[in-house]
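Just so you know, these numbers use all the heavy atoms, side chains as well, and skip hydrogens, waters and symmetry mates. Ligands are counted one by one from 1 in listed order, and the atoms in each one are counted from 1 as well.
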Amino acid sequence: MSSLFERLREGIARTRDGLFNRLGRLLGQREPIDASSLEALEKALLEADTGVAVTARILAAVKLHAGRARTPLVEILRAEMIRSLTPVEQALVIAPALGGPYVILVVGVNGVGKTTTIAKLGRRLQAAGHKVMFAAGDTFRAAAVEQLKIWGERLSIPVIAQGTGADPASVVFDAYAAAAARGCDVLIADTAGRLHTQAGLMSELGKIRRVLAKQNPAAPHETLLILDATMGQNALQQAKIFNQTAPLTGVVLTKLDGTAKGGIVFAVAETLALPLRFIGVGEQAEDLQEFTASAFVDALLGSTTAH
Ligand SMILES: Nc1nc2c(ncn2[C@@H]2O[C@H](COP(=O)(O)OP(=O)(O)O)[C@@H](O)[C@H]2O)c(=O)[nH]1
Ligand SMILES: [Mg+2]
(Lines give C-alpha, C1' and ligand atoms only; values in the text may rest on other atoms or scores of the structure.)
(Ligands and ions follow the chains in the order given, each with its own letter.)
Protein backbone atom coordinates (compact mmCIF):
# COMPACT_ATOMS: atom_id res chain seq x y z
CA MET A 1 0.00 0.00 0.00
CA SER A 2 2.84 2.40 0.68
CA SER A 3 3.70 2.59 -3.01
CA LEU A 4 0.16 3.76 -3.71
CA PHE A 5 0.69 6.47 -1.12
CA GLU A 6 3.98 7.37 -2.81
CA ARG A 7 2.19 7.75 -6.15
CA LEU A 8 -0.39 9.93 -4.45
CA ARG A 9 2.38 12.06 -2.94
CA GLU A 10 4.11 12.39 -6.28
CA GLY A 11 0.81 13.04 -8.01
CA ILE A 12 -0.03 16.03 -5.86
CA ALA A 13 3.55 17.28 -5.52
CA ARG A 14 2.87 20.49 -7.41
CA THR A 15 0.06 21.48 -5.07
CA ARG A 16 2.10 20.52 -2.02
CA ASP A 17 5.13 22.48 -3.25
CA GLY A 18 2.90 25.48 -3.84
CA LEU A 19 1.63 25.38 -0.27
CA PHE A 20 5.09 24.84 1.18
CA ASN A 21 6.69 27.55 -0.91
CA ARG A 22 4.13 30.02 0.35
CA LEU A 23 3.90 28.86 3.94
CA GLY A 24 7.33 27.46 4.68
CA ARG A 25 8.19 27.50 8.33
CA LEU A 26 4.79 28.92 9.23
CA LEU A 27 3.41 25.37 9.10
CA GLY A 28 5.47 24.32 12.09
CA GLN A 29 4.57 27.41 14.08
CA ARG A 30 3.13 26.79 17.52
CA GLU A 31 2.67 30.41 18.57
CA PRO A 32 -0.54 32.38 18.11
CA ILE A 33 -0.83 33.19 14.42
CA ASP A 34 -0.54 36.89 13.61
CA ALA A 35 -2.44 38.81 10.95
CA SER A 36 0.28 38.63 8.32
CA SER A 37 0.64 34.86 8.78
CA LEU A 38 -3.12 34.45 8.41
CA GLU A 39 -2.92 36.48 5.24
CA ALA A 40 -0.16 34.24 3.90
CA LEU A 41 -2.26 31.19 4.70
CA GLU A 42 -5.28 32.69 2.98
CA LYS A 43 -3.23 33.49 -0.12
CA ALA A 44 -1.75 30.00 -0.24
CA LEU A 45 -5.15 28.33 0.01
CA LEU A 46 -6.75 30.58 -2.59
CA GLU A 47 -3.75 30.11 -4.87
CA ALA A 48 -4.32 26.35 -4.65
CA ASP A 49 -7.94 26.92 -5.76
CA THR A 50 -9.45 25.89 -2.46
CA GLY A 51 -12.15 28.47 -3.05
CA VAL A 52 -13.37 31.43 -1.02
CA ALA A 53 -15.88 29.65 1.21
CA VAL A 54 -13.64 26.75 2.24
CA THR A 55 -10.68 29.06 2.76
CA ALA A 56 -12.75 31.29 5.03
CA ARG A 57 -13.82 28.31 7.09
CA ILE A 58 -10.28 27.01 7.45
CA LEU A 59 -9.06 30.48 8.47
CA ALA A 60 -11.80 30.77 11.08
CA ALA A 61 -10.76 27.42 12.54
CA VAL A 62 -7.11 28.42 12.58
CA LYS A 63 -7.96 31.69 14.37
CA LEU A 64 -9.96 29.74 16.91
CA HIS A 65 -7.33 27.09 17.61
CA ALA A 66 -4.00 28.73 16.91
CA GLY A 67 -1.88 29.26 19.95
CA ARG A 68 -4.01 27.03 22.14
CA ALA A 69 -2.07 24.15 23.61
CA ARG A 70 0.78 25.18 21.35
CA THR A 71 -0.56 23.10 18.48
CA PRO A 72 1.52 23.59 15.30
CA LEU A 73 -0.40 25.24 12.47
CA VAL A 74 0.09 22.18 10.30
CA GLU A 75 -1.87 20.07 12.81
CA ILE A 76 -4.75 22.53 12.89
CA LEU A 77 -4.80 22.52 9.10
CA ARG A 78 -4.68 18.76 8.98
CA ALA A 79 -7.68 18.41 11.28
CA GLU A 80 -9.70 21.04 9.39
CA MET A 81 -8.86 19.55 6.01
CA ILE A 82 -9.79 16.04 7.08
CA ARG A 83 -13.03 17.39 8.53
CA SER A 84 -13.75 19.00 5.17
CA LEU A 85 -13.06 15.88 3.10
CA THR A 86 -14.36 13.05 5.25
CA PRO A 87 -18.03 13.41 4.22
CA VAL A 88 -17.16 12.74 0.55
CA GLU A 89 -14.97 9.72 1.29
CA GLN A 90 -17.47 7.17 0.02
CA ALA A 91 -16.11 4.36 -2.10
CA LEU A 92 -17.99 3.06 -5.09
CA VAL A 93 -19.48 -0.26 -4.05
CA ILE A 94 -20.78 -2.52 -6.78
CA ALA A 95 -23.92 -3.97 -5.27
CA PRO A 96 -24.78 -7.32 -6.77
CA ALA A 97 -27.46 -6.25 -9.23
CA LEU A 98 -30.63 -8.28 -9.31
CA GLY A 99 -31.37 -9.61 -12.76
CA GLY A 100 -28.90 -7.48 -14.66
CA PRO A 101 -25.61 -5.61 -14.60
CA TYR A 102 -24.74 -2.75 -12.26
CA VAL A 103 -24.74 0.23 -14.63
CA ILE A 104 -22.26 3.10 -14.36
CA LEU A 105 -23.05 6.04 -16.63
CA VAL A 106 -19.98 8.22 -17.12
CA VAL A 107 -20.53 11.89 -17.95
CA GLY A 108 -18.39 15.00 -18.30
CA VAL A 109 -17.15 17.46 -20.91
CA ASN A 110 -14.73 16.48 -23.68
CA GLY A 111 -11.17 15.92 -22.65
CA VAL A 112 -11.66 15.62 -18.89
CA GLY A 113 -10.63 11.96 -18.92
CA LYS A 114 -13.88 9.99 -19.23
CA THR A 115 -12.63 7.28 -21.55
CA THR A 116 -9.32 6.72 -19.79
CA THR A 117 -11.11 6.68 -16.43
CA ILE A 118 -13.52 4.06 -17.78
CA ALA A 119 -10.54 1.95 -18.82
CA LYS A 120 -8.83 2.33 -15.42
CA LEU A 121 -12.07 1.61 -13.59
CA GLY A 122 -12.83 -1.38 -15.81
CA ARG A 123 -9.41 -2.82 -15.08
CA ARG A 124 -9.88 -2.23 -11.39
CA LEU A 125 -13.31 -3.87 -11.22
CA GLN A 126 -12.06 -6.76 -13.33
CA ALA A 127 -9.19 -7.28 -10.90
CA ALA A 128 -11.75 -7.32 -8.08
CA GLY A 129 -13.44 -10.25 -9.82
CA HIS A 130 -16.26 -8.52 -11.65
CA LYS A 131 -17.25 -9.35 -15.20
CA VAL A 132 -17.20 -5.99 -16.97
CA MET A 133 -18.55 -4.64 -20.26
CA PHE A 134 -18.15 -1.23 -21.90
CA ALA A 135 -20.71 0.71 -23.95
CA ALA A 136 -19.30 3.17 -26.51
CA GLY A 137 -21.91 5.86 -25.97
CA ASP A 138 -19.71 8.72 -27.19
CA THR A 139 -20.76 8.33 -30.81
CA PHE A 140 -20.09 11.95 -31.66
CA ARG A 141 -16.44 11.46 -32.63
CA ALA A 142 -15.13 8.44 -34.52
CA ALA A 143 -11.95 8.53 -32.46
CA ALA A 144 -13.92 8.17 -29.22
CA VAL A 145 -15.42 4.81 -30.23
CA GLU A 146 -12.03 3.60 -31.47
CA GLN A 147 -10.30 4.66 -28.26
CA LEU A 148 -12.71 2.65 -26.12
CA LYS A 149 -12.42 -0.36 -28.44
CA ILE A 150 -8.63 -0.30 -28.11
CA TRP A 151 -8.92 -0.23 -24.33
CA GLY A 152 -11.42 -3.08 -24.47
CA GLU A 153 -9.01 -5.18 -26.51
CA ARG A 154 -6.10 -4.46 -24.19
CA LEU A 155 -8.11 -5.35 -21.11
CA SER A 156 -10.15 -8.18 -22.67
CA ILE A 157 -13.32 -6.32 -21.84
CA PRO A 158 -16.06 -6.56 -24.47
CA VAL A 159 -17.13 -3.24 -26.00
CA ILE A 160 -20.60 -2.73 -27.46
CA ALA A 161 -20.44 -0.08 -30.17
CA GLN A 162 -22.25 1.17 -33.24
CA GLY A 163 -20.98 3.55 -35.90
CA THR A 164 -20.08 7.20 -35.44
CA GLY A 165 -23.22 9.29 -35.29
CA ALA A 166 -25.33 6.41 -33.97
CA ASP A 167 -27.92 7.18 -31.31
CA PRO A 168 -26.12 6.84 -27.95
CA ALA A 169 -29.32 5.67 -26.29
CA SER A 170 -29.56 2.85 -28.81
CA VAL A 171 -25.92 1.85 -28.12
CA VAL A 172 -26.58 1.78 -24.38
CA PHE A 173 -29.83 -0.15 -24.90
CA ASP A 174 -27.98 -2.82 -26.91
CA ALA A 175 -25.15 -2.89 -24.41
CA TYR A 176 -27.49 -3.43 -21.47
CA ALA A 177 -29.18 -6.33 -23.27
CA ALA A 178 -25.80 -7.85 -24.18
CA ALA A 179 -24.44 -7.44 -20.65
CA ALA A 180 -27.55 -9.04 -19.17
CA ALA A 181 -27.45 -11.89 -21.69
CA ARG A 182 -23.76 -12.58 -21.03
CA GLY A 183 -24.11 -12.37 -17.28
CA CYS A 184 -21.89 -9.33 -16.84
CA ASP A 185 -21.75 -7.77 -13.37
CA VAL A 186 -20.93 -4.23 -14.45
CA LEU A 187 -21.71 -2.16 -17.54
CA ILE A 188 -19.76 1.10 -17.88
CA ALA A 189 -21.19 3.49 -20.46
CA ASP A 190 -19.17 6.27 -22.09
CA THR A 191 -20.99 9.40 -23.27
CA ALA A 192 -20.24 12.51 -25.31
CA GLY A 193 -19.78 15.73 -23.39
CA ARG A 194 -20.86 18.53 -25.65
CA LEU A 195 -21.49 21.13 -23.03
CA HIS A 196 -21.88 24.03 -25.45
CA THR A 197 -25.28 22.64 -26.42
CA GLN A 198 -26.76 22.18 -23.01
CA ALA A 199 -30.23 21.42 -24.34
CA GLY A 200 -28.81 18.74 -26.61
CA LEU A 201 -26.76 17.25 -23.80
CA MET A 202 -29.77 17.20 -21.53
CA SER A 203 -31.99 15.47 -24.06
CA GLU A 204 -29.24 12.97 -24.93
CA LEU A 205 -28.50 12.00 -21.32
CA GLY A 206 -32.23 12.01 -20.54
CA LYS A 207 -32.87 9.58 -23.38
CA ILE A 208 -30.07 7.26 -22.25
CA ARG A 209 -31.49 7.24 -18.73
CA ARG A 210 -35.04 6.52 -19.95
CA VAL A 211 -33.85 3.67 -22.14
CA LEU A 212 -31.94 2.17 -19.22
CA ALA A 213 -34.83 2.62 -16.81
CA LYS A 214 -37.09 0.67 -19.16
CA GLN A 215 -34.71 -2.28 -18.95
CA ASN A 216 -34.06 -1.91 -15.25
CA PRO A 217 -35.81 0.70 -13.08
CA ALA A 218 -32.71 0.88 -10.84
CA ALA A 219 -30.35 1.74 -13.72
CA PRO A 220 -28.15 3.65 -13.99
CA HIS A 221 -27.04 2.68 -10.50
CA GLU A 222 -24.23 5.22 -10.62
CA THR A 223 -23.99 8.43 -12.64
CA LEU A 224 -20.37 9.39 -12.38
CA LEU A 225 -19.24 12.91 -13.27
CA ILE A 226 -15.63 13.24 -14.39
CA LEU A 227 -14.02 16.61 -13.60
CA ASP A 228 -10.59 17.83 -14.67
CA ALA A 229 -8.70 19.36 -11.72
CA THR A 230 -6.71 21.63 -14.03
CA MET A 231 -9.94 23.49 -14.85
CA GLY A 232 -10.10 24.90 -11.34
CA GLN A 233 -13.31 26.61 -10.33
CA ASN A 234 -14.77 26.04 -13.84
CA ALA A 235 -15.10 22.42 -12.88
CA LEU A 236 -17.67 23.43 -10.26
CA GLN A 237 -19.72 25.23 -12.88
CA GLN A 238 -19.66 22.13 -15.09
CA ALA A 239 -20.80 20.02 -12.18
CA LYS A 240 -23.83 22.25 -11.60
CA ILE A 241 -24.86 22.00 -15.24
CA PHE A 242 -24.45 18.23 -15.36
CA ASN A 243 -26.35 17.82 -12.12
CA GLN A 244 -29.30 19.55 -13.81
CA THR A 245 -29.15 17.20 -16.79
CA ALA A 246 -28.78 13.97 -14.84
CA PRO A 247 -28.80 13.52 -11.07
CA LEU A 248 -25.21 12.68 -10.19
CA THR A 249 -24.26 10.05 -7.63
CA GLY A 250 -20.48 10.39 -7.68
CA VAL A 251 -17.49 12.36 -8.89
CA VAL A 252 -14.02 11.52 -10.17
CA LEU A 253 -11.44 14.32 -10.13
CA THR A 254 -8.74 13.66 -12.74
CA LYS A 255 -5.35 15.22 -13.55
CA LEU A 256 -4.44 16.33 -10.03
CA ASP A 257 -0.85 15.62 -11.12
CA GLY A 258 -1.13 18.31 -13.77
CA THR A 259 -1.82 21.23 -11.49
CA ALA A 260 -0.66 23.20 -8.47
CA LYS A 261 -4.33 23.93 -7.82
CA GLY A 262 -5.20 20.64 -6.15
CA GLY A 263 -7.05 22.60 -3.48
CA ILE A 264 -9.98 22.21 -5.86
CA VAL A 265 -10.57 18.90 -4.07
CA PHE A 266 -11.81 20.88 -1.05
CA ALA A 267 -14.01 23.13 -3.17
CA VAL A 268 -15.46 20.09 -4.95
CA ALA A 269 -16.03 18.27 -1.66
CA GLU A 270 -17.79 21.12 0.10
CA THR A 271 -19.63 22.71 -2.80
CA LEU A 272 -20.92 19.60 -4.55
CA ALA A 273 -21.23 17.40 -1.48
CA LEU A 274 -21.23 14.32 -3.75
CA PRO A 275 -19.24 11.16 -3.05
CA LEU A 276 -15.72 11.63 -4.42
CA ARG A 277 -15.22 8.10 -5.69
CA PHE A 278 -11.74 8.39 -7.19
CA ILE A 279 -8.97 10.85 -7.93
CA GLY A 280 -6.62 10.70 -10.91
CA VAL A 281 -2.99 11.44 -10.13
CA GLY A 282 -1.35 10.30 -13.37
CA GLU A 283 -1.78 8.40 -16.59
CA GLN A 284 -1.04 4.90 -15.29
CA ALA A 285 -3.80 2.51 -14.33
CA GLU A 286 -2.73 2.63 -10.65
CA ASP A 287 -3.07 6.38 -10.76
CA LEU A 288 -6.82 6.19 -10.44
CA GLN A 289 -7.03 5.97 -6.68
CA GLU A 290 -9.90 5.50 -4.33
CA PHE A 291 -10.29 8.75 -2.44
CA THR A 292 -9.36 8.69 1.25
CA ALA A 293 -9.47 11.95 3.19
CA SER A 294 -6.62 11.19 5.58
CA ALA A 295 -4.28 9.84 2.90
CA PHE A 296 -4.94 12.85 0.70
CA VAL A 297 -4.31 15.33 3.52
CA ASP A 298 -1.17 13.48 4.66
CA ALA A 299 0.16 13.51 1.09
CA LEU A 300 -0.64 17.20 0.84
CA LEU A 301 0.85 18.28 4.14
CA GLY A 302 3.99 16.28 3.69
CA SER A 303 3.64 13.43 6.14
CA THR A 304 5.70 10.47 5.03
CA THR A 305 3.52 8.03 6.95
CA ALA A 306 2.75 5.06 4.78
CA HIS A 307 -0.88 4.03 4.31
N1 LIG B 1 -1.88 13.48 -16.25
C2 LIG B 1 -3.08 12.92 -16.25
N3 LIG B 1 -3.72 12.77 -17.43
C4 LIG B 1 -4.94 12.20 -17.44
C5 LIG B 1 -5.57 11.78 -16.23
N6 LIG B 1 -6.79 11.29 -16.58
C7 LIG B 1 -6.88 11.39 -17.92
N8 LIG B 1 -5.79 11.95 -18.45
C9 LIG B 1 -5.50 12.28 -19.87
O10 LIG B 1 -6.46 13.19 -20.37
C11 LIG B 1 -6.58 13.05 -21.77
C12 LIG B 1 -8.05 13.03 -22.18
O13 LIG B 1 -8.62 11.84 -21.70
P14 LIG B 1 -9.90 11.14 -22.35
O15 LIG B 1 -10.16 9.94 -21.51
O16 LIG B 1 -9.72 10.92 -23.80
O17 LIG B 1 -11.01 12.25 -22.11
P18 LIG B 1 -12.56 12.25 -22.56
O19 LIG B 1 -12.65 13.14 -23.76
O20 LIG B 1 -13.31 12.83 -21.41
O21 LIG B 1 -12.95 10.85 -22.83
C22 LIG B 1 -5.81 11.78 -22.13
O23 LIG B 1 -4.59 12.15 -22.69
C24 LIG B 1 -5.60 11.09 -20.79
O25 LIG B 1 -4.46 10.29 -20.76
C26 LIG B 1 -4.87 11.97 -14.98
O27 LIG B 1 -5.34 11.67 -13.88
N28 LIG B 1 -3.63 12.54 -15.08
MG1 LIG C 1 -13.72 9.98 -24.51
Going through the checks in order, is the side chain to side chain contact (heavy atoms under 4.5 Å, CB included) test met by F266 and L45? CA-CA 10 Å; F266 297 96; L45 292 172; over 6 Å; no
Whether R141 lies under 4.0 Å from ligand 1, heavy atom: yes
Regarding ligand 1, does T116 bring an N or O atom to under 3.5 Å of one of the ligand's N or O atoms? yes
Yes or no: does G108 have any heavy atom under 4.0 Å from an atom of ligand 1? no
among protein heavy atoms, the one nearest atom 8 (N) of ligand 1 is K255 CE, 3.8 Å
Is a salt bridge present between E80 and R83, judged by a nitrogen-to-oxygen distance below 4.0 Å? yes
Between D287 and R7, does any side-chain N to carboxylate O distance fall below 4.0 Å? yes
Taking only heavy atoms of G280 into account, list the atoms of ligand 1 that are under 4.0 Å away from them. 27 (O)
Starting from atom 1 (N) of ligand 1, which protein heavy atom do you reach first, and at what distance in Å? D257 OD2, 2.7 Å
Which of the numbered atoms in ligand 1 are below 4.0 angstrom from a heavy atom of E283? 1 (N), 2 (C), 3 (N), 9 (C), 24 (C), 25 (O)
Give a yes/no on ligand 1: does G111 have at least one heavy atom closer than 4.0 angstrom to it? yes
Look only at interatomic distance and state if N110 has a nitrogen or oxygen under 3.5 Å from any nitrogen or oxygen of ligand 1. no
Say whether, by atom type as modelled, one donor and one acceptor occur between the side chain of R16 and the main chain of A299 under 3.5 angstrom. yes
Do any N or O atoms from the side chain of T55 and from the backbone of G51 form a donor-acceptor pair under 3.5 angstrom? yes
Parallel, tilted or perpendicular: ring planes of Y102 versus H221, cut at 30 and 60 degrees: parallel
Distance under 4.0 Å to a non-hydrogen atom of V109: what atoms of ligand 1 satisfy this? 20 (O)
If you measure every N/O of T254 against every N/O of ligand 1, is any gap under 3.5 Å? no
Nearest to atom 16 (O) of ligand 1, what protein heavy atom do you find, and at what distance? Q147 NE2, 3.2 Å
Is the shortest distance from a Lys or Arg side-chain nitrogen in K207 or E204 to a carboxylate oxygen in the other one below 4.0 Å? no
Give yes if a backbone or side-chain nitrogen or oxygen of L256 is under 3.5 Å from a nitrogen or oxygen of ligand 1, and no if not. no
With respect to the Mg ion (ligand 2), please indicate if Q147 possesses an N, O or S atom at a distance under 2.8 Å. no
Which protein heavy atom lies closest to atom 17 (O) of ligand 1, and at what distance to 0.1 Å? G113 N, 3.0 Å
Checking E290, E89, E222 against R277 for side chain to side chain donor-acceptor pair (under 3.5 Å), the one that qualifies is E222
Going by heavy atoms, is V281 under 4.0 Å from ligand 1? yes
Polar side-chain atom of K131 near backbone of R182 as donor-acceptor pair, under 3.5 Å: yes
Give me the nearest non-hydrogen protein atom to atom 20 (O) of ligand 1 as residue plus atom name, then the distance to 0.1 Å. K114 N, 2.8 Å
Backbone N or O of T249 within a donor-acceptor pair of the T223 side chain at under 3.5 Å? no
Are I264 and F20 connected into the same hydrophobic cluster when the rule is that any two of I, L, V, M, F, W, Y join if their side-chain heavy atoms are below 4.5 Å apart? yes
